[in-house]
Amino acid sequence: QVQLIESGGGLVQAGESLRLSCTTSGLAFSDYSMGWFRQAPGKEREFVSAISQTGQNRYIAGPVRGRFTISRDNAKNTVYLQMNSLKPEDTAVYFCAADVGLTIASATSEWVRSEEYDYWGQGTQVTVSS
């Protein structure tokens, strides 16, 4: 069974930092590109960041660019999202996702499409207060 389990969410004040982790099992982790998405209540799921199989390529959504950093540790089957300078508008459930089809040759437009991803975690809540 493929599992993606997010952790690290919580309640923080604006300006503070948080690091999310997504630990996977049941898949060949290094064969998968990994993405982070988020969804606030009443809103559609939106792309946050993604990283290719070896970490060679990284993609960051405009609203979090300069504040969030994605990384992965293939030895630990884990992808991370370091979130700095958090803002109230970052409040959402954060999901990690895995995609075996995305490679460094894929077009940028493919990386941001949630429907491209094969597996999803159940999410971790991030709440940022002002």
Side-chain angles (χ1 to χ4, degrees):
Q1 291 288 326
V2 173
Q3 286 190 303
L4 284 70
I5 302 177
E6 302 95 337
S7 62
L11 173 63
V12 298
Q13 296 185 42
E16 295 183 339
S17 298
L18 213 55
R19 188 178 78 158
L20 305 184
S21 299
C22 175
T23 299
T24 68
S25 62
L27 54 76
F29 183 71
S30 61
D31 289 341
Y32 287 78
S33 291
M34 300 295 298
W36 285 98
F37 293 76
R38 67 186 183 185
Q39 188 167 25
K43 297 183 179 180
E44 295 185 347
R45 186 174 301 178
E46 67 172 345
F47 173 79
V48 176
S49 189
I51 187 168
S52 61
Q53 291 92 334
T54 63
Q56 184 176 3
N57 284 22
R58 304 180 186 190
Y59 303 88
I60 308 173
V64 304
R65 193 167 296 146
R67 299 187 296 119
F68 290 11
T69 302
I70 192 170
S71 62
R72 66 189 294 160
D73 186 341
N74 284 0
K76 296 182 178 180
N77 298 329
T78 300
V79 62
Y80 305 94
L81 185 68
Q82 178 67 44
M83 306 185 296
N84 297 329
S85 301
L86 283 162
K87 303 176 180 180
E89 50 262 46
D90 295 319
T91 296
V93 176
Y94 283 71
F95 300 88
C96 68
D99 192 317
V100 74
L102 289 170
T103 71
I104 58 173
S106 301
T108 301
S109 59
E110 297 182 71
W111 291 84
V112 305
R113 293 167 55 86
S114 61
E115 58 265 35
E116 292 288 336
Y117 290 77
D118 303 305
Y119 301 104
W120 293 83
Q122 296 192 50
T124 185
Q125 177 71 48
V126 172
T127 302
V128 184
S129 65
S130 59

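Residues: numbered from 1 along the sequence shown. Worth saying up front: this structure is predicted, and the values here are computed from it rather than measured.
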Report the residue from L4, D99, L102, T78 that forms a side chain to side chain contact (heavy atoms under 4.5 Å, CB included) with M34.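 That would be L4.
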With clusters defined by side-chain heavy atoms of hydrophobic residues (ILVMFWY) lying less than 4.5 Å apart, directly or transitively, does I51 cluster with V100?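 Per the 4.5 Å side-chain linkage, V100 and I51 are co-clustered.
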With no hydrogens and no angle check, do the side chains of S33 and S52 hold a donor and an acceptor under 3.5 Å apart? no
Side chain to side chain contact (heavy atoms under 4.5 Å, CB included) assessment of S49 paired with L81: CA-CA 8 Å; S49 189; L81 185 68; 4.2 Å; yes
Got a sec: does the CD of Q1 have more than 12 other heavy atoms crowding it under 6.0 Å? no
Using modelled atom types only, decide if a donor and an acceptor are shared between the side chain of [X] and the backbone of [Y] within a distance under 3.5 Å.
X: R58; Y: S71; value: no
X: R38; Y: V126; value: no
X: R45; Y: Q39; value: no

Where does the angle between the aromatic ring planes of F68 and Y94 fall among parallel (under 30°), tilted (30 to 60°) and perpendicular (over 60°)? tilted
If you round to the nearest 0.5 Å, how far is CD of E16 from OG of S85? 11.0 Å
Which value, rounded to the nearest 0.5 Å, describes the distance between L20 atom CG and Q82 atom CD?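 L20 CG to Q82 CD: 9.0 Å, rounded to 0.5 Å.
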So, do F47 and Y59 have ring centers that fall under 6.0 Å from each other?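 No, the ring of F47 stays outside the 6.0 Å limit from the ring of Y59, centre to centre.
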Quick one: do W36 and M83 satisfy side chain to side chain contact (heavy atoms under 4.5 Å, CB included)? Show the steps, please. CA-CA 12 Å; W36 285 98; M83 306 185 296; over 6 Å; no
